[in-house]
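Model, not experiment: these values are computed from the prediction. The basis for the numbers below is simple: all heavy atoms, side chains too, and nothing from hydrogens, waters or symmetry mates.
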Amino acid sequence: MSEIVTLSAKFEIQIPEALRAARGWKVGQVFALMPKGTDILLIPVPEQSSLAGIAKGAEATDCRDRSDRF
């Protein structure tokens, strides 16, 4: 799906409805903008509540700490 948009005088870009719906993006959602070469990645920041339990069962042993760094 490819869309062409224009940067407004207020430096805003409107994301087309079809693209928002396809990605499940909602009003007020937070995004991170990350430069990658000459492009910019638009990355949705997950809500903290959706991260609960993703590391269930992970072992905290054999982890790096500051003493491992040069």
Side-chain angles (χ1 to χ4, degrees):
M1 175 183 314
S2 179
E3 298 279 348
I4 296 177
V5 297
T6 302
L7 184 64
S8 76
K10 293 182 177 183
F11 293 94
E12 298 172 331
I13 296 175
Q14 183 175 359
I15 301 172
E17 184 178 355
L19 186 59
R20 295 189 313 257
R23 301 292 187 267
W25 294 343
K26 306 290 181 198
V27 172
Q29 187 164 352
V30 178
F31 292 87
L33 297 175
M34 300 188 73
K36 184 168 183 172
T38 58
D39 300 327
I40 297 174
L41 299 176
L42 180 66
I43 303 166
V45 175
E47 292 184 17
Q48 189 173 11
S49 60
S50 70
L51 300 175
I54 64 170
K56 188 175 182 176
E59 302 251 347
T61 59
D62 198 29
C63 293
R64 289 183 51 190
D65 61 12
R66 293 192 184 277
S67 65
D68 292 339
R69 299 181 186 141
F70 299 104

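Residues W25 and I15 have side chains in contact (heavy-atom distance under 4.5 Å, counting atoms from C-beta outward). With contacts defined as side-chain heavy-atom distances shorter than 4.5 Å, the pair M34/I40 does not qualify.
Here CD of Q29 is found 9.0 Å from NZ of K26. Values are rounded to the nearest 0.5 Å.
When all heavy atoms of L42 and F31 are compared, the pair lying nearest together is CD1-CB, 3.6 Å. Heavy-atom minimum distance, V5 versus Q14: CG1-O, 3.3 Å.
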